[in-house]
Amino acid sequence: MKKALALLLALAMCLSLAACGSSTTSTEDTEDTSVADTSAADASVDEADASAEAEEVESGLTSDVLPEDVVGNTYTYTEVNEAYGFSTEWELTFTSDTEGSMFEPNDMLGDNTYTTSWTYADGLYTVTLVESENGEMTESTMFDENYTCDFVVMSDGTFAPANASTDTAAVAETTNTGSENADYPAVSYASNSDAQVMDIYLPENATGADPVIVVVHGGGFMFGDQTMDIIQPVIEAGVANGYVVASVDYRKSSEASFPAALSDVKAAVRYLRANAETYGIDADKVAIWGESAGAYLSLMTALTPEVEDLNGDVTDNLEQSSAVTALVDFYGPVEFYTMDAEYEALGIEGTTYSSEDSFESAFVGQAIGEDEETTYTTWWYTYVDQLPDDFTLTAWIQVGDSDTSVPYTQSQNFAEKLAEVLGEDSVTFGIIEGAEHEDDLFYTDDNLAQVFDFLADALN
């Protein structure tokens, strides 16, 4: 099953800006600004009415459409995330006096339609997602743990969470404070941006000189942070297996384009080496583990340890090395320029990775199909001649053959080419049959146990 961002993501393309009920919100959630103020004062509104209106907005909006008038109609809601620079155009349809549907477009994980139930009381429509067309439930935090939210429905054809703000100046920005479970949450590893933080977890039986796994989350280079749900199994297993785990956040494409995020991950590795004694790390035993976009950042970190240009604008701890001993790559994009062609070869047509609207293009800083030379500055093999003479690396590369977000041949081709550089014994490649992008099959106890067996051999 796919996991959206905590991104996706965590995360995902559908992070809410106005949470309902007891939902646990992301630290980067912001209030939505898309709902029109349906009670805007006109010339006939006196001071008392205007005051009453202000109190109503402050305490929460109410619908101006009654239940008998909503059946058969569709209403829209633009869920805007200022922090990540994307929006989701939800549609809510009332098909009967108790049932309906909701449509959620998602460019990264695929569109989804939900059947819903609904009730009405005191101007609010309580909507519950009952069933998902593709079997996946939304990660949007406007719903509580029961996938229920109170909405207002307006006569202008819009709906919104009942506690959404109508003030465009009310977009809240919150600080990434990290995970409350981390031994060292939100540790700053560089000085360029507030996004340059990591959560550090110590092993259950720390020795004071333990190997470290640098975990890099995905999210299309555009969203998510180091606390995403999808990477929690890796963090938990790492700690249980005697590793220090550093879960890293980085600058997103909305803040800075290539090589910014890569420069950040490299800086995170350097920081850990510079502070190895503080966190009880064996600086000679460093592994990096990424999923999706985080896998790309991980493999690039692993394979360009001495490429100074890729340090970008980050100058912290440059006296330290960003080299790692082992790489774990879960379903990462690798060679952006060929992604459309690879899907076409697999019989999937109409993909738009080369357009300016793709996640990869936003990361590169221009449409990846526009300029081949620029796009290939983001490919690891461009820098293969700059690998040190004594370079060693052991890699685990794994992908699902039902991935509809990144062609599985990206991983396959990467493994083959990497084996030419490192030797076949240094590259372990596997395809999980039927697995999709961010599928739970990657995070089963059995699969994680195999990865940790690999890491034990690689680091020892």
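All values reported here derive from a predicted model rather than from experimental measurement. Position 1 is the first residue of the sequence; numbering continues from there.
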Please walk me through it: do Leu297 and Phe363 pass side chain to side chain contact (heavy atoms under 4.5 Å, CB included)? CA-CA 11 Å; Leu297 297 173; Phe363 173 70; 4.1 Å; yes
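- The two residues Met142 and Cys149 come nearest to each other via the heavy atoms O-SG, 3.0 Å.
- A donor and an acceptor atom, one from each side chain of Thr76 and Glu91, are nowhere located under 3.5 Å apart.
- Ring geometry, Tyr279 versus Tyr271: the interplanar angle falls from 30° to 60°, so the pair is classed tilted.
- Under the 4.5 Å side-chain criterion, counting only non-hydrogen atoms from C-beta, Val324 is in contact with Leu393.
- Under a 3.5 Å cut-off, the side chain of Thr207 and the backbone N or O of Ala209 do form a donor-acceptor pair.
- Ser405 and Glu436 form no side-chain donor-acceptor contact under 3.5 Å, judged by distance and modelled atom types alone.
- With no hydrogens or angles considered, no side-chain donor-acceptor pair links Thr444 and Asn447 at under 3.5 Å.
- Legend: residues meeting side-chain contact (heavy atoms from CB on, under 4.5 Å) with Asn413, ordered by chain and number and at least two apart, are Glu342, Thr409, Glu416.
- With hydrogens and angles disregarded, a donor-acceptor distance shorter than 3.5 Å links the side chain of Ser179 to the backbone of Asn181.
- Of the possible donor and acceptor atoms, none in the side chain of Asn311 sits under 3.5 Å from a partner among the backbone N and O of Ser263.
- Partner of Val234 under the side-chain contact (heavy atoms from CB on, under 4.5 Å) criterion, out of Val239, Val245, Val215, Val328: Val215 alone.
- Residues Glu104 and Asn112 bring no donor and acceptor atom of their side chains to less than 3.5 Å of each other.
- The main-chain N or O of Ser354 is never found under 3.5 Å from a side-chain atom of Ser358 such that the two would form a donor-acceptor pair.
- Counting heavy atoms from C-beta outward, Val314 and Gln196 have side chains that approach closer than 4.5 Å.
- Taking the side chain as every heavy atom from C-beta outward, Lys285 and Thr325 never approach each other to under 4.5 Å.
- Ser193 and Glu255 are linked by a side-chain donor-acceptor pair at a separation below 3.5 angstrom, with hydrogens and angles left out of the test.
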Audit row: Tyr189, Asn275, side chain to side chain contact (heavy atoms under 4.5 Å, CB included) steps and yes/no: CA-CA 10 Å; Tyr189 61 80; Asn275 295 275; over 6 Å; no
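- Asn241 is not listed as a side-chain neighbour of Pro203, based on a closest heavy-atom distance of 4.5 Å or more.
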Working note: Gln410 + Thr338, criterion side chain to side chain donor-acceptor pair (under 3.5 Å); need CA distance, chi angles, decisive distance, verdict. CA-CA 9 Å; Gln410 288 269 300; Thr338 63; 3.3 Å; yes
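- In summary, of the residues considered (Trp90, Phe151, Tyr75), a ring pair (Phe, Tyr, Trp, His ring centres under 6.0 Å) with Phe159 occurs for Phe151 alone.
- His217 and Asp225 share no side-chain donor-acceptor pair at under 3.5 Å.
- Counting only distance, with no hydrogens or angles, the side chain of Gln398 and the backbone of Gly430 share no donor-acceptor pair below 3.5 Å.
- The aromatic rings of Phe454 and Trp396 lie tilted to each other, with the angle between the two planes from 30° to 60°.
- Between Ser292 and Glu438, the closest heavy-atom pair is CB-OE2, 4.4 Å.
- Just one of Tyr376, Trp379, Phe359, Tyr296 meets the ring pair (Phe, Tyr, Trp, His ring centres under 6.0 Å) condition when paired with Phe336; it is Tyr296.
- Shortest non-hydrogen contact noted between Ala323 and Val286 is O-CB, 4.5 Å.
- Of the possible polar contacts, one joining the Arg273 side chain to the Ala283 backbone as a donor-acceptor pair under 3.5 Å is found.
- Between Phe429 and Phe414 there is no side-chain heavy-atom pair separated by less than 4.5 Å.
- Looking only at distances, a side-chain donor or acceptor of Asp329 sits under 3.5 Å from a matching main-chain atom of Gly332.
- Here the options are Thr138, Thr74, Thr116, the test is side-chain contact (heavy atoms from CB on, under 4.5 Å), and the partner is Met102; only Thr116 passes.
- Side-chain polar atoms of Ser355 and Asp357 form no donor-acceptor pair below 3.5 angstrom.
- Checked against salt bridge (charged side-chain N to carboxylate O under 4.0 Å, His left out), Asp313 has the following partners two or more places apart in sequence or in another chain: Arg251.
- Between Tyr331 and Asp439 there is no side-chain heavy-atom pair separated by less than 4.5 Å.
- A ring-centre distance under 6.0 Å is not found for Phe221 and Phe258.
- A donor-acceptor pair shorter than 3.5 Å cannot be found between the side chains of Asp199 and Ser247.
- Across all their heavy atoms, Gln232 and Thr227 have their closest contact at NE2-O, 3.2 Å.
- In this structure, the side chain of Glu306 does not engage the main chain of Leu387 through any donor-acceptor pair within 3.5 Å.
- Looking at Ser132, its side chain never comes within 3.5 Å of a backbone N or O of Met137 through a donor-acceptor pair.
- Heavy-atom minimum distance, Gln226 versus Asp249: OE1-CB, 3.3 Å.
- In this structure, Val421 and Lys417 have side chains that are not in contact, with every pair of non-hydrogen atoms separated by 4.5 Å or more.
- Ser322 places no side-chain N or O within 3.5 Å of a backbone atom of Lys266 that could act as its donor or acceptor partner.
- Taking CG of Leu303 as the reference point, atom OH of Tyr383 lies at 12.5 Å (rounded to 0.5 Å).
- Taking 4.5 Å as the limit, every side-chain heavy atom of Asn192 sits out of range of all side-chain heavy atoms of Thr315.
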